[in-house]
Protein chains: 2
Amino acid sequence: MTTQLKHKIPTDFSKTTFYKIDQLSIYIHNLAKNFFELRGVDITHDEFAALNFILNNPNICQRDLAKLLLRDRVRTGRIITSLEEKGYVNRVNNTKKNRLVRTLSITKSGKKLYDEQFSIMSQVMDKILEKFPEQKMVELMDTLLQLETALSEVVEFNI
Amino acid sequence: MTTQLKHKIPTDFSKTTFYKIDQLSIYIHNLAKNFFELRGVDITHDEFAALNFILNNPNICQRDLAKLLLRDRVRTGRIITSLEEKGYVNRVNNTKKNRLVRTLSITKSGKKLYDEQFSIMSQVMDKILEKFPEQKMVELMDTLLQLETALSEVVEFNI
DNA sequence: TAATACATGTTGCATTTGTAACAAAAATAT
DNA sequence: ATATTTTTGTTACAAATGCAACATGTATTA
């Protein structure tokens, strides 16, 4: 499999676009971890994302949530169990395509925690990004979404 | 802490720039995992990155490698131990600022594996990115590097 | 000179994650 | 009607990771 090179390929793995994104993700994870710890909030990055998806997709089932989180069914089950234990979500028996599934709904305290933390988190993120021209951030997001589309065509998750 | 908003803040955590980067990272991890598995190469993403850093920074010590990898000293130690067991790197007693440290060097088979795998990996990555205008990729990388600088100013690693 | 801090790396153990296998029930194919 | 596949979610166990504590020795401070 050969391709015609359109730009100079880096010879240094650490300077590739993909590795750079991976490293940024490590920063972002640490930022989130510190953010929640500083605020004394017992929740992980994955759990917070799950809250977001459940809030915006009422009655979503575990497997569909796993697909949104890009995590497998087992890990997603643990995330849900943890959120349920903390009183942020409820598991509800439901049906999907006539099949019995257990769907998820966010609780009042779950929504309250999400709204409060995301409000402040937005300020933190905005503070970090305010030095960038707005247009640059819009273009970045556009490129990230296109990258996601491209990657989703070649990467398959066993979910 | 309040900041003047310059652009519309998303109300959806999953649509923030930081979360998008995090999700792309999950794709990238799976891509790398599949890549090495498909090629029957027993190496992890972290280990491959470590090989790269050791190749480009001969005689680097464990702690400095940890800083480059953005991983803590314990995890980096495990990565090095695994690479040593596979015969890809050597631990060497050395001195740094008159202090006894164990520095790292890549072996012939380590360099061979890196060169071979990175050569093909580059083609895979280029194939995915070839649909993007070159200038867009250059701008993306530029923005990622600036983001990294911004994040490194607010996120501290305990290394 | 002595005390303290820092740098480098390891150890031990608890927690988290990955993975295969399993269970139950519906959907699909024969 | 029966067999097979698919979907959804859980269980069990091995492997990986996180974290605090520790060890050793140099550098810095008092």
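- Of the listed nucleotides (dA12(D), dG9(C), dG9(D)), dG9(D) has the atom at the smallest distance from the side chain of Val101(A).
- Distance CZ (Arg73(A)) to P (dA20(C)): 12 Å, rounded to an integer number of Å.
- For the pair Lys67(A) NZ and dT8(D) P, the interatomic distance rounds to 6 Å; values are reported in whole Å.
- Nucleotide dT8(C) holds its P atom 11 Å from the CD1 atom of Ile60(B), rounded to whole Å.
- With hydrogens and angles ignored, a donor-acceptor pair closer than 3.5 Å exists between the side chain of Arg78(B) and the base of dG18(D).
- Separating the NE2 atom of His45(B) from the C1' atom of dT17(D) is a distance of 17 Å, rounded to the nearest angstrom.
- Proximity of Arg102(B) to the phosphate of dG9(C): no side-chain N or O atom is located under 4.0 Å from OP1 or OP2.
- Applying the 4.0 Å criterion to OP1 and OP2 of dC19(D), one finds that Lys33(A) has a side-chain N or O inside that range.
- The neighbour count for Lys136(A) NZ, taken as heavy atoms of other residues, nucleotides or ligands under 6.0 Å away, is above 12.
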Inset, instruction - Mind running side-chain hydrogen bond (donor to acceptor under 3.5 Å, both in side chains) on Ser25(B) and Asp22(A) for me, showing each step along the way? - result: CA-CA 5 Å; Ser25(B) 172; Asp22(A) 193 54; 2.8 Å; yes
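- Residue Thr81(A) is the one, among Glu37(A) and Thr81(A), whose nearest nucleotide of DNA chain D lies closer to the 5' end (criterion: closest heavy atom).
- No engagement by Asn158(B) is indicated, since no non-hydrogen atom pair under 4.0 Å with the nucleic acid exists.
- Ring centroids of Phe35(B) and His45(B) are separated by 6.0 Å or more, keeping the two rings apart.
- Remark: the Arg91(A) side chain and the Thr103(A) side chain contain no N/O donor-acceptor pair separated by less than 3.5 Å.
- Under 3.5 Å, the side chains of Ser14(B) and Asp12(B) contain a donor-acceptor pair of N or O atoms.
- A sub-4.0 Å separation between OP1 or OP2 of dT10(C) and a side-chain N or O of Gln62(B) is present.
- At least one side-chain nitrogen or oxygen of Arg91(B) sits closer than 4.0 Å to the OP1 or OP2 atom of dT10(C).
- Rounded to an integer number of Å, the gap from CZ of Arg63(B) to P of dT26(D) is 17 Å.
- Distance, Asp46(A) CG to dG18(D) P: 13 Å, rounded to whole Å.
- At whole-Å resolution of the value, CG in Asn94(A) and P in dT8(D) are 13 Å apart.
- Taking 4.0 angstrom as the limit, Arg75(A) places a side-chain polar atom (N or O) nearer than this to OP1 or OP2 of dG18(C).
- Between Ile159(A) atom CD1 and dT7(D) atom C1' there is a gap of 14 Å when expressed in whole angstrom units.
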